[in-house]
Amino acid sequence: WRLALALLLLPGGLGKPTARQERARPGAAQHEDRQGFQYDHEAFLGKEEARSFDQLSPEESRERLGKIVDRIDDDKDGYITTEELKNWIKRVQKRYIYENVAKVWKDYDLNKDNKIAWEEYKQATYGYYL
């Protein structure tokens, strides 16, 4: 959330109002940061995308984040609501889950028949113990 809030406050380059008072709606809830920056970074961007952002210059990062902010703003009103941000994070997490399942599936489907039999699961999970 802290990263998302920072995105809303980035100066310049977003093509939308950027001053804090212009981007924050009256009565907006304050974020309590318990997990830390990296947690927010991954939740907002996804694990793979977060890693790629770590390699960017501040200018490149600002430009790419601006494009993402525009994608999050579903109603295109120039503001990101809590609901829009929640929906974005859910989409990112769902994409991560599907990508992770696809990667792990290859490791477990030992005979490549697109099914995971109990024996394949046991072998992939506990193979060196059996």
Side-chain angles (χ1 to χ4, degrees):
W1 293 97
R2 180 177 48 187
L3 174 62
L5 183 58
L7 291 174
L8 299 176
L9 305 176
L10 279 174
L14 296 181
K16 302 221 187 249
T18 56
R20 180 182 197 129
Q21 64 273 16
E22 293 178 52
R23 295 294 281 193
R25 294 195 186 243
Q30 295 297 316
H31 169 62
E32 290 184 35
D33 189 16
R34 294 190 180 128
Q35 300 288 337
F37 171 78
Q38 195 60 34
Y39 177 85
D40 293 344
H41 198 61
E42 290 177 9
F44 186 76
L45 297 169
K47 211 167 208 167
E48 297 298 321
E49 190 76 11
R51 276 193 220 127
S52 74
F53 265 78
D54 290 341
Q55 308 303 316
L56 299 176
S57 71
E59 294 78 22
E60 292 171 311
S61 180
R62 186 175 295 118
E63 182 180 327
R64 284 182 55 190
L65 289 171
K67 291 175 184 175
I68 291 171
V69 167
D70 289 340
R71 288 175 41 205
I72 296 169
D73 185 15
D74 290 330
D75 62 8
K76 306 300 181 208
D77 68 350
Y79 294 92
I80 294 178
T81 64
T82 302
E83 196 60 33
E84 287 171 327
L85 188 56
K86 285 180 185 178
N87 290 338
W88 171 262
I89 291 172
K90 286 178 187 176
R91 284 192 304 262
V92 168
Q93 290 174 343
K94 187 181 277 187
R95 185 180 68 221
Y96 172 73
I97 290 167
Y98 286 127
E99 289 171 358
N100 193 44
V101 167
K103 288 178 188 176
V104 172
W105 192 273
K106 291 177 185 177
D107 294 336
Y108 282 60
D109 184 16
L110 301 175
N111 66 2
K112 306 301 178 206
D113 66 351
N114 211 26
K115 299 175 188 173
I116 299 174
W118 178 242
E119 288 302 318
E120 289 174 305
Y121 175 80
K122 286 192 317 187
Q123 182 62 37
T125 304
Y126 307 108
Y128 59 96
Y129 289 122
L130 298 177

**Item:** Set of salt bridge (Lys or Arg N to Asp or Glu O under 4.0 Å) partners for E83, sequence neighbours left out
**Value:** none
**Request:** With sequence neighbours excluded, tell me which residues meet salt bridge (Lys or Arg N to Asp or Glu O under 4.0 Å) with E120.
**Result:** none
**Prompt:** Which atom pair, heavy atoms only, marks the closest approach of K76 to R71?
**Reply:** NZ-CA, 4.3 Å
**Item:** Worked check of side-chain contact (heavy atoms from CB on, under 4.5 Å) between I72 and D74
**Value:** CA-CA 6 Å; I72 296 169; D74 290 330; over 6 Å; no
**Message:** I need the I116 CD1 to N111 CG distance, nearest 0.5 Å.
**Reply:** 10.0 Å
**Message:** What's the separation between atom CD1 in I68 and atom CG in D70, rounded to the nearest 0.5 Å?
**Reply:** 10.0 Å
**Asked** Backbone N or O of T81 within a donor-acceptor pair of the K86 side chain at under 3.5 Å?
**Response** no
**Request:** Please identify each residue that fulfils ring pair (Phe, Tyr, Trp, His ring centres under 6.0 Å) with Y121, with sequence neighbours left out.
**Result:** Y108, W118
Quiz: residues 89-103 side-chain donor-acceptor pairs under 3.5 angstrom, not counting sequence neighbours:
from	atom 1	to	atom 2	distance (Å)
R95	NH2	L45	O	3.4

**Residue pairs fulfilling salt bridge (Lys or Arg N to Asp or Glu O under 4.0 Å) with at least one residue in residues 106-116, sequence neighbours excluded** = none
**Request:** Check the pair N114, W105 against side-chain contact (heavy atoms from CB on, under 4.5 Å), reporting the backbone distance first and the verdict last.
**Result:** CA-CA 8 Å; N114 211 26; W105 192 273; 3.5 Å; yes
**Prompt:** Are V104 and L110 joined in one hydrophobic group, where the rule is that I, L, V, M, F, W and Y side chains link up if heavy atoms are under 4.5 Å apart?
**Reply:** no
**Request:** Before accepting this row, confirm whether a basic side-chain N of the pair E119/K122 lies closer than 4.0 Å to the acidic partner's carboxylate O.
**Result:** yes
**Item:** side-chain contact (heavy atoms from CB on, under 4.5 Å) assessment of E84 paired with Y79
**Value:** CA-CA 9 Å; E84 287 171 327; Y79 294 92; 5.7 Å; no
